[in-house]
Q: 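My questions all concern the structure below.
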Amino acid sequence: MEQQYDPNTLEQIARDHWLANNSFAVQQDDSREKFYCLAMFPYPSGKLHMGHVRNYTIADVIARYQRMQGKNVLQPMGWDAFGLPAENAAIKNNVPPAHWTAQNIDYMREQLRQLGFAYDWDREIATCDPDYYRWEQWFFTRLFEKGLAYKKKAEVNWCETDQTVLANEQVVDGCCWRCDNPVERREIDQWFIKITDYAEQLLTDLDKLDQWPEQVRTMQRNWIGRSEGVDLDFDHNGEALSVYTTRPDTLMGATYLAVAPQHPVAKAAAVSNSELAAFVEAQSNIKVAEAEMATMEKLGMATGQFATHPLTGKQVPIWVANFVLMSYGSGAVMSVPAHDERDHAFACKYDLPIVQVVDKAGDEFSYDASTWQDWYADKADTTTINSAEFDGLDFQSAFNAIADKLEALGKGKPTVNYRLRDWGVSRQRYWGAPIPIINCDSCGAVAVPEKDLPVILPTEVAFEGVGSPIKKMPEFYETTCPSCGGDAIRETDTFDTFMESSWYYARYGCAKNDQAMLDGEADYWTPVDQYVGGIEHAILHLLYSRFYHKLLRDEGLVSSDEPFIRLLTQGMVLKDGAKMSKSKGNTVDPQSLIDQYGADTVRLFSMFAAPPEQSLEWSDSGVEGANRFLKRLWKLVHRHLAAEPAPVLDTATLTDQQKNARRKTHETIGKVNDDYGRRQTFNTAIAAIMELCNELGKLDDSAQSRAVMDEALRAVVLMLGPITPHVCHTLWPMLGGEGDVLNAAWPVADEAALTRDSIEIVVQVNGKVRAKMEIAADTDKATVEADALAQDNVQRFLEGVTVRKVIVVPGKLVNIVAN
RNA sequence: GCCCGGAUGGUGGAAUUGGUAGACACAGGAGACUUAAAAUCUCCCGGCUUCACAGCUGUGCGGGUUCAAGUCCCGCUCCGGGCACCA
């Protein structure tokens with residue numbers, strides 16, 4: 001054994017060994033329990049950043065740990081290869097997105113290899129590969145046939161100067177990021193998938209995801225936003241003007257209606273009202289993003305139109321309000337300024353009437369229409385007033401009574417509504433999977449037949465200015481209708497990249513199958529047992545994937561209901577308290593660290609610096625510390641092997657020091673196992689192993705001490721195996737381990753080594769620690785109490801006061817309450 | 001604006017079910033080894049008081065519950081994630 005720890009040499013040898021033995025390739029094996037461990041695949045942006053290193057190290061540690069538990073572990077890797085940055089790079093560097101992407105993939109694949117991740121590279125996929133996206137296209141045509149995909153008008157950010165659609169991130173302060181001209185909203189035809197048909201399932205199945213962080217489930221629940229309310233009709237010139245409300249109990253307090261600027265009533269009124277037309281027009285210059293809508297100034301204008309209240313028959317004015325969303329509900333709301341904060345602010349601003357219809361008993365609940373108070377919106381312990389026949393009811397009774405009345409009149413019905421909107425999958429961009437639809441003047445939208453799939457995206461393209469090259473390529477879009485054979489135009493929009501990332505996890509199960517999207521092996525591997533990725537994906541990616549999995553299930557392609565059994569959401573990597581970014585100039589390149597210290601040190605630090613779910617503050621000196629620990633470990637093993645071989649362990653003859661070291665070893669095994677498996681707090685597992693190593697360093701060199709050391713070092717190497725696989729691969733055979741450490745059995749704590757003769761008890765007086773005492777582990781409660789009271793320092797604090805109560809927490813502490 | 005998190009020494013963090021706040025590291029200080037430096041090893045290390053024993057104080061801020069609160073409850077502040085076309 002070399003005296004010095006030399007990561008560069010040993011890491012290369014370990015990786016060569018894994019490569020030569022194809023150590024991480026796996027097949028279906030029904031004789032063993034399967035474990036599918038997956039980290040969110042990267043966008044091939046150029047090179048790995050620290051966030052990737054952290055993400056993939058966490059997943060690799062879990063995969064290797066599960067493998068040592070004897071499971072058949074699949075851990076694949078691939079590339080989320082379509083997306084906007086490739087187009088930006090194409091414009092900037094004049095290189096086609098396909099080339100840029102391929103280069104990045106090659107570079108990043110090599111970096112992942114250097115980090116020693118246990119991937120089955122035979123299953124690698126890149127979403128820009130036609131062999132991948134052909135199945136996505138095929139599946140879309142299936143959804144189209146089932147009526148789950150449809151076309152409708154939807155708004156986009158439009159730059160008139162560049163004649164192009166902009167992504168939200170390309171709109172800066174309401175202007176185009178390239179030409180700096182104001183952006184406007186524009187309605188265009190787009191494809192949607194009916195995720196709302198699955199809203200209820202997506203909501204109720206969250207209850208099954210008991211191994212997901214509660215916060216993610218809460219976010220998804222809120223995002224889906226199920227509400228129970230009533231759809232009701234006001235009458236507008238003989239036509240029904242439908243609104244949805246969750247507060248039908250306040251219907252008698254509805255004093256006006258508010259409609260979205262795009263609402264037909266608003267548009268119609270604007271025709272003969274130039275002021276209104278100008279207002280509606282002016283409201284179309286805001287970015288298509290909810291945050292923008294919520295923070296902009298709430299503005300409105302009267303349409304001059306009136307609607308008839310369904311119960312009172314009174315005329316109420318119809319206003320256009322810029323905060324009413326056309327895409328939510330019917331694009332119109334009834335306004336009850338007395339009991340809704342936003343309506344109240346709006347009514348005060350525009351001097352609209354406010355009628356209180358809900359009251360609450362108690363002096364603290366006095367009503368003043370000029371000032372908003374939170375209780376106005378309460379639903380608990382309230383009574384209806386000013387509501388004619390509906391007076392004197394609580395929330396639920398009023399809700400039911402008014403809903404029943406509306407239903408009887410044929411003017412409304414109870415409805416369940418969702419905040420969730422259908423998934424818009426059209427993108428007016430080049431670098432994405434072409435939508436497999438042909439538009440024919442006589443037949444309409446026709447799906448590309450299976451035999452003609454995939455619709456291949458041309459890759460040898462030049463970016464001349466902005467706009468998608470395929471929209472200027474007749475050889476791409478000129479085609480014939482599969483239905484009537486006449487001239488037709490191919491769809492030139494491409495899919496949202498969430499379409500690719502919503503099912504890739506399943507495709508890894510049968511990455512090479514060119515006959516089917518998914519097969520039996522894919523069904524064997526799915527669902528993913530452990531999914532690891534950034535918290536920023538808590539809603540969109542994870543919700544779309546859950547939806548897609550149910551679509552795949554309903555197509556008979558998988559047999560499970562949910563794609564990811566256990567989810568670990570990792571925090572971000574920070575430097576100087578801020579997210580690493582090129583613009584801040586605070587990036588750390590993992591490559592130089594790997595070159596300097598080796599992959600094991602980088603992996604060790606990533607896992608040690610913080611628990612996975614928290615953000616991680618980068619520290620160069622911390623990396624050095626991780627490296628120092630590995631050097632110490634190497635030295636500990638070297639010293640052990642340089643001495644006489646250890647005799648057989650004889651637990652009966654151990655000294656107290658040896659017994660303590662051995663107990664520490666087995667306590668550590670127990671703790672580390674819990675930290676890896678249940679808690680997934682790898683930082684505390686590493687700390688415990690460090691503590692053990694510090695203890696072992698103090699052992700003398702007697703024969704039985706060497707036996708204790710031998711057992712302990714083997715346990716340490718096994719426990720560190722998942723985190724620092726290269727050095728453990730090297731040390732394992734030196735310590736007499738058989739085979740590769742990556743296949744070795746995970747250590748199990750010896751219960752017999754854990755017993756203690758004496759324990760330390762803390763003694764408090766009035767909750768403050770006054771003494772600590774060492775007592776026999778089997779001391780009875782009365783004796784513990786007596787011993788505690790007898791402590792000198794305890795007596796000092798009991799002088800002149802009376803003991804009222806003594807609380808004994810067995811094995812932990814005694815608290816003496818006195819005054 | 002709305003939804004979801006977070007805040008503990010000089011720094012990263014630990015304290016798992018309400019029971020010893022600061023494990024394990026980093027930085028710093030002192031010492032050993034060395035001609036010297038690096039490396040390595042040993043010791044100290046929240047603040048205040050104290051020769052010492054020990055005491056007081058302390059987990060973003062203000063209240064509360066409890067024998068006992070970093071942990072639970074109420075009200076704030078600041079920081080971060082998401083908000084449907086960044087991925």
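To find a chain, count down the sequence lines: A is the first, B the second, and so on, and within it residues start at 1.
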Q: Can you tell me, in whole Å, how much space there is between the C1' of G28(B) and that of C45(B)?
A: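 My reading of the C1' atoms in G28(B) and C45(B) gives 8 Å.
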
Q: What stems involve RNA chain B, if each pair must be Watson-Crick or G-U and both of its distances must be under 3.5 Å, with 3 or more such pairs in a row?
A: B:1-7 with B:77-83, B:10-12 with B:24-26, B:28-32 with B:40-44, B:46-49 with B:54-57, B:60-64 with B:72-76

Q: Classify the nucleic acid contact of Trp423(A) as base, sugar-phosphate or nothing, counting any heavy atom under 4.0 Å across all strands shown.
A: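 Nothing: the residue Trp423(A), judged by heavy atoms under 4.0 Å, touches no strand.
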
Q: Say we look at U71(B) and U17(B): how far apart would their C1' atoms be, to the nearest angstrom?
A: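 It works out to 11 Å between them.
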
Q: For Leu720(A) and C24(B), what is the distance between atoms CG and P respectively, to the nearest whole Å?
A: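 One finds 17 Å between P of C24(B) and CG of Leu720(A), rounded.
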
Q: Taking only side-chain N and O atoms of Arg342(A), does any of them lie within less than 4.0 angstrom of OP1 or OP2 on G1(B)?
A: no

Q: Look at all strands and tell whether Ala688(A) reaches a base, only sugar-phosphate, or nothing, counting heavy atoms closer than 4.0 Å.
A: nothing

Q: Would you say Asn683(A) reaches C24(B)'s phosphate, i.e. side-chain N/O to OP1/OP2 under 4.0 Å?
A: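 So the side chain of Asn683(A) is outside the cut-off, no N or O lying under 4.0 Å from OP1 or OP2 of C24(B).
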
Q: What contact category does Leu84(A) fall into here, base, sugar-phosphate, or nothing, at under 4.0 angstrom with non-hydrogen atoms?
A: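 Result for Leu84(A) = sugar-phosphate.
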
Q: Expressed as a whole number of Å, how far does the P atom of G62(B) sit from that of C53(B)?
A: 32 Å

Q: Mind calculating the distance between CG (Leu325(A)) and C1' (G1(B)) to the nearest angstrom?
A: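 Taking atom C1' of G1(B) as the reference, CG of Leu325(A) is at 13 Å.
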
Q: Rounded to whole Å, how long is the line connecting atom CG of Asp620(A) with atom P of G12(B)?
A: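 Distance check: Asp620(A) CG to G12(B) P gives 15 Å.
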
Q: What I'd like to find out is whether the side chain of Ile224(A) reaches to under 4.5 Å of the side chain of Arg419(A), using heavy atoms alone.
A: no

Q: Base, sugar-phosphate, or nothing for Lys298(A), non-hydrogen atoms under 4.0 angstrom?
A: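 No contact at all - Lys298(A) keeps every heavy atom at 4.0 Å or more from the nucleic acid.
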
Q: Please work out whether the ring planes of Tyr531(A) and Phe564(A) are parallel, tilted or perpendicular, with thresholds of 30° and 60°.
A: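 Correct class here is parallel.
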
Q: Without decimals, in angstroms, what is the distance between Glu292(A) CD and G82(B) C1'?
A: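 In whole Å, G82(B) C1' lies 15 Å from Glu292(A) CD.
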
Q: When we call it a touch if two heavy atoms are under 4.0 Å apart, what does Pro42(A) touch: a base, just sugar-phosphate, or nothing?
A: nothing

Q: Met293(A) CE to C3(B) C1': how many Å, rounded?
A: 17 Å

Q: NA contact type, Phe608(A), heavy-atom cut-off 4.0 Å: base, sugar-phosphate, or nothing?
A: base

Q: Please report the distance separating the P of A68(B) from the corresponding atom of U57(B), rounded so that it comes out in whole Å.
A: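 About 15 Å, rounded to a whole number of Å.
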
Q: Are Val784(A) and Asp787(A) side-chain neighbours, meaning at least one heavy-atom pair lies under 4.5 Å?
A: no

Q: If you compare all heavy atoms of Leu166(A) against all heavy atoms of Cys159(A), which two are closest, and at what distance to 0.1 Å?
A: CD1-CB, 3.9 Å

Q: Judged by each residue's nearest nucleotide on RNA chain B, which is more toward the 5′ side, His537(A) or Arg678(A)?
A: Arg678(A)

Q: Counting side-chain heavy atoms from C-beta on, which of C24(B), G55(B), U20(B) comes nearest to Ala687(A)?
A: C24(B)

Q: Mind checking whether Phe608(A) and Phe682(A) have ring centres under 6.0 Å apart?
A: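 Ring centres of Phe682(A) and Phe608(A) not closer than 6.0 Å.
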
Q: Just call it for Thr295(A): base, sugar-phosphate, or nothing, with non-hydrogen atoms closer than 4.0 Å on any strand.
A: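 Base contact.
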
Q: Taking CD1 from Ile539(A) and P from C3(B), how many angstroms apart are they, rounded to a whole number?
A: 12 Å

Q: Within the pair Lys768(A) and C67(B), is there a side-chain N or O less than 4.0 Å away from OP1 or OP2?
A: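 It does not, given that no N or O in the side chain of Lys768(A) lies less than 4.0 Å from OP1 or OP2 of C67(B).
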
Q: Taking the six-membered ring for Trp and the full ring for Phe, Tyr or His, determine whether the centres of Trp79(A) and Phe41(A) are under 6.0 Å apart.
A: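 No; Phe41(A) has its ring centre 6.0 Å or more from that of Trp79(A).
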
Q: NA contact type, Glu624(A), heavy-atom cut-off 4.0 Å: base, sugar-phosphate, or nothing?
A: nothing

Q: In this structure, how many angstroms lie between the P atom of G1(B) and the NE2 atom of His344(A), rounded?
A: 19 Å

Q: Categorize Asn766(A) for me: base, sugar-phosphate, or nothing, with a 4.0 angstrom heavy-atom threshold over every strand shown.
A: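 Nothing, no nucleic acid heavy atom in range.
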
Q: Select base, sugar-phosphate, or nothing to describe what Ala291(A) touches, counting heavy atoms under 4.0 Å on all strands.
A: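 If one applies the 4.0 Å heavy-atom cut-off, Ala291(A) turns out to touch a base.
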
Q: Got Leu542(A) and Phe547(A) here, is their nearest side-chain heavy-atom distance under 4.5 Å?
A: no

Q: Looking at every heavy atom in both Gly78(A) and Pro42(A), which two are closest together, and how far apart are they?
A: O-CD, 3.2 Å

Q: Nearest nucleotide by nearest heavy atom, which residue falls closer to the 5' end of RNA chain B, Arg632(A) or Gln764(A)?
A: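 Closer to the 5' end of RNA chain B: Gln764(A).
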
Q: How is Ser501(A) classified with respect to the nucleic acid when contacts are heavy atoms under 4.0 Å: base, sugar-phosphate, or nothing?
A: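 It contacts nothing in the nucleic acid.
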
Q: Taking the six-membered ring for Trp, are Tyr132(A) and Trp503(A) parallel (under 30°), tilted (30 to 60°) or perpendicular (over 60°)?
A: parallel

Q: Expected output is a numbered-order residue list: members of residues 808-819 of chain A with a heavy atom under 4.0 Å from any atom of RNA chain B. What is it?
A: Val809(A), Lys812(A), Leu813(A), Asn815(A), Val817(A)

Q: When the distance from NZ of Lys631(A) to P of C41(B) is rounded to whole Å, what number comes out?
A: 10 Å

Q: Taking the same atom, C1', in G18(B) and in C73(B), what whole-Å distance lies between them?
A: 13 Å

Q: Is Asn222(A) near enough to C83(B) that one of its side-chain N or O atoms lies under 4.0 angstrom from OP1 or OP2?
A: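 Looking at the OP1 and OP2 atoms of C83(B), neither is under 4.0 Å from any side-chain N or O of Asn222(A).
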
Q: Is Val156(A) touching bases, backbone alone, or none of the nucleic acid, heavy atoms closer than 4.0 Å?
A: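 Base, at least one base heavy atom under 4.0 Å.
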
Q: I want to check one thing: is the phosphate of A27(B), taken as OP1 and OP2, less than 4.0 Å away from some side-chain N or O of Arg628(A)?
A: yes

Q: Could you tell me whether Phe797(A) contacts a base, only the sugar-phosphate backbone, or nothing, with contacts defined as non-hydrogen atoms closer than 4.0 Å?
A: sugar-phosphate

Q: Are any of Arg679(A)'s side-chain N or O atoms less than 4.0 Å away from OP1 or OP2 of A15(B)?
A: yes

Q: Nearest 0.5 Å, what's the CZ-CD distance between Phe346(A) and Glu341(A)?
A: 15.0 Å

Q: If the glycosidic angle sits within 90 degrees of zero it is syn, else anti. Tell me which applies to G9(B).
A: syn

Q: With a 6.0 Å cut-off (strictly less than), is the heavy-atom count around NZ of Lys47(A), excluding the residue itself, greater than 12?
A: no

Q: Reckon Thr497(A) has a side-chain N or O less than 4.0 Å from the OP1 or OP2 of A87(B)?
A: yes

Q: Can you tell me how far P in G22(B) sits from the matching atom in G70(B), rounded to whole Å?
A: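 Comparing P positions in G22(B) and G70(B) gives a spacing of 12 Å.
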
Q: Over 60° means perpendicular and under 30° means parallel, so tell me whether Tyr56(A) and His52(A) are parallel, tilted or perpendicular.
A: parallel

Q: Classify Val165(A) by what it touches in the nucleic acid, base, sugar-phosphate, or nothing, heavy-atom distance under 4.0 Å.
A: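 Val165(A): base contact, heavy atoms under 4.0 Å.
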
Q: Show me, pair by pair, the donor-acceptor contacts under 3.5 angstrom made by side chains of residues 808-819 of chain A, not counting sequence neighbours?
A:
from: Asn815(A); atom 1: OD1; to: Gly767(A); atom 2: N; distance (Å): 3.0
from: Asn819(A); atom 1: OD1; to: Arg804(A); atom 2: NE; distance (Å): 2.7
from: Asn819(A); atom 1: OD1; to: Arg804(A); atom 2: NH2; distance (Å): 3.2

Q: Would you say A14(B) has OP1 or OP2 under 4.0 Å from some side-chain N or O of Gln614(A)?
A: yes

Q: Which whole number of Å gives the distance between the P atom of A39(B) and that of A30(B)?
A: 16 Å

Q: Roughly how far apart, to the nearest Å, are A23(B) and U77(B) at atom C1'?
A: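 Nearest-Å result for A23(B) against U77(B) at atom C1': 30 Å.
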
Q: Angle class for the Trp618(A)/Phe605(A) ring planes (parallel below 30°, perpendicular above 60°, tilted otherwise)?
A: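 Trp618(A) and Phe605(A): perpendicular rings.
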
